[in-house]
Amino acid sequence: ETYWQRIYKQSYIAYLREYCKKKLDRKIEKGYNIYVSPYAIDTYQKQKYDEVYTECRVYEILTNEWGVMYDKIVYWRRR
């Protein structure tokens, strides 16, 4: 991996995290509750918003609900 490839990769990851943060903020502003795994909470605190957004999107695609189910507790979008 060259120097320029590393710079490009770092720039893309920074852009992706900013993009995902905006998406998560919009969901929260619209009144959605976002429930995620302990891993995603940890990555959110480390400002790795792309990981959190991906987890929410995968769950939404699989279940057609926003949020994530853990420990037999189902969280759903506020109506």
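For the numbers below, each heavy atom of this structure counts, side chains included, while hydrogens, waters and symmetry mates do not.
- A 4.5 Å side-chain heavy-atom check between Y39 and E51 finds at least one atom pair inside the cut-off.
- Separation of atoms CG (L16) and CD (E18) is listed at 10.5 Å; rounding is to 0.5 Å.
- With sequence neighbours excluded, the residues satisfying salt bridge (charged side-chain N to carboxylate O under 4.0 Å, His left out) with K21 are D25.
- With sequence neighbours excluded, no residue satisfies side-chain hydrogen bond (donor to acceptor under 3.5 Å, both in side chains) with Y15.
- Between the SG atom in C56 and the NZ atom in K27 there is a gap of 9.0 Å [rounded to 0.5 Å].
- The heavy-atom pair separating E55 from A40 by the smallest distance is OE1-CB, 3.4 Å.
- Of all heavy-atom pairs between Y44 and L24, the closest is CE1-CD1, 4.2 Å.
- Put simply, the residue from D42, I41, T43 that forms a side chain to side chain contact (heavy atoms under 4.5 Å, CB included) with V52 is T43.
- The line from OG of S11 to CH2 of W4 is 10.0 Å long, rounded to the nearest 0.5 Å.
- Looking at Q47 and R17, their side chains never come closer than 4.5 Å, going by heavy atoms from C-beta outward.
- Side-chain heavy atoms closer than 4.5 Å link hydrophobic residues (I, L, V, M, F, W, Y) into clusters, and following such links, possibly through other members, connects Y53 to I28.
- Between R57 and E60, at least one side-chain N (NZ, or NE/NH1/NH2) sits under 4.0 Å from a carboxylate O, which counts as a salt bridge.
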